Amino acid sequence: MKLQDAVYNWLTIKVVAQARPDDTAAQETEQFFADLLREDHAMEQIAFTKEDDVYTVTCTANNASRTFRFPAELIEAMLDQINREPDKYANYE
C-alpha cells in the first residue's frame, strides 16, 4: 500500500474513531492503520489538522517530513454514512 493511501485510510477511520469513541471496530481499525504506518512506512510521527474544508496531515518517516492534504468531504464520507444509517453500524463488543 502506498504511503498516501495508508495515510488516507488512517485519517478516514481516525475521524470516525474520534467521533465514536465507544465504537470498538473503529478503534481497532484505527489502530491497525496506525500500526501499518509505523511498520510498513517507518512513520515516527503523525498529526492532522482541519482548516475550512481541508484536512492536512503532517508526518515524519525516515527523518523526512511529509505533508498530505485531503478534502474534508472525502475524509468525512464514511462518518457521514454511519450517521445517516446508524442501525447498519451497531457496536459489537
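In this text, all values refer to a predicted model and were calculated from it rather than measured experimentally. Note that the numbering runs from 1 along the sequence shown for the chain.
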What is the minimum heavy-atom distance between M43 and L3, and which atoms define it?
CE-CD1, 3.4 Å
same_hphob_cluster(V54, M78) at 4.5 Å side-chain heavy-atom cutoff:
no
D35 CG to E30 CD distance, which is reported to the nearest 0.5 Å:
8.5 Å
Going by the rule side-chain contact (heavy atoms from CB on, under 4.5 Å), which residues pair with D40 if we only count those two or more places apart in sequence or in a different chain?
L36
Scan residues 69-80 for pairs that pass salt bridge (Lys or Arg N to Asp or Glu O under 4.0 Å), counting only residues two or more places apart or in two chains.
K50-E76
Applying the side-chain contact (heavy atoms from CB on, under 4.5 Å) criterion to F48, which one of F68, Y55, F70 satisfies it?
Y55
Could you state the interatomic distance from OG1 (T12) to CG (L74), rounded to the nearest 0.5 Å?
6.5 Å
From CG (D23) to CD1 (I13), nearest 0.5 Å:
7.0 Å
Around atom CG of D53, are there more than 12 heavy atoms of other residues, nucleotides or ligands at under 6.0 Å?
no
Taking all atoms of both residues into account, what is the closest heavy-atom pair of M1 and A6, and its distance?
SD-CA, 3.5 Å
Is any side-chain heavy atom of V7 closer than 4.5 Å to one of F33?
no
Of all heavy-atom pairs linking V15 and L79, the shortest is CG1-CD2, 4.1 Å
Using side chain to side chain contact (heavy atoms under 4.5 Å, CB included), reason through E44 and N63 one step at a time and then give a plain yes or no.
CA-CA 8 Å; E44 298 167 4; N63 295 321; 4.1 Å; yes
Would Q27 and Q31 count as having a side-chain donor-acceptor pair, cut-off 3.5 Å?
no
The reported gap from CD1 in I82 to CG in D87 (rounded to nearest 0.5 angstrom) is 12.0 Å
Shortest non-hydrogen contact from H41 toward K2
CE1-C, 3.8 Å
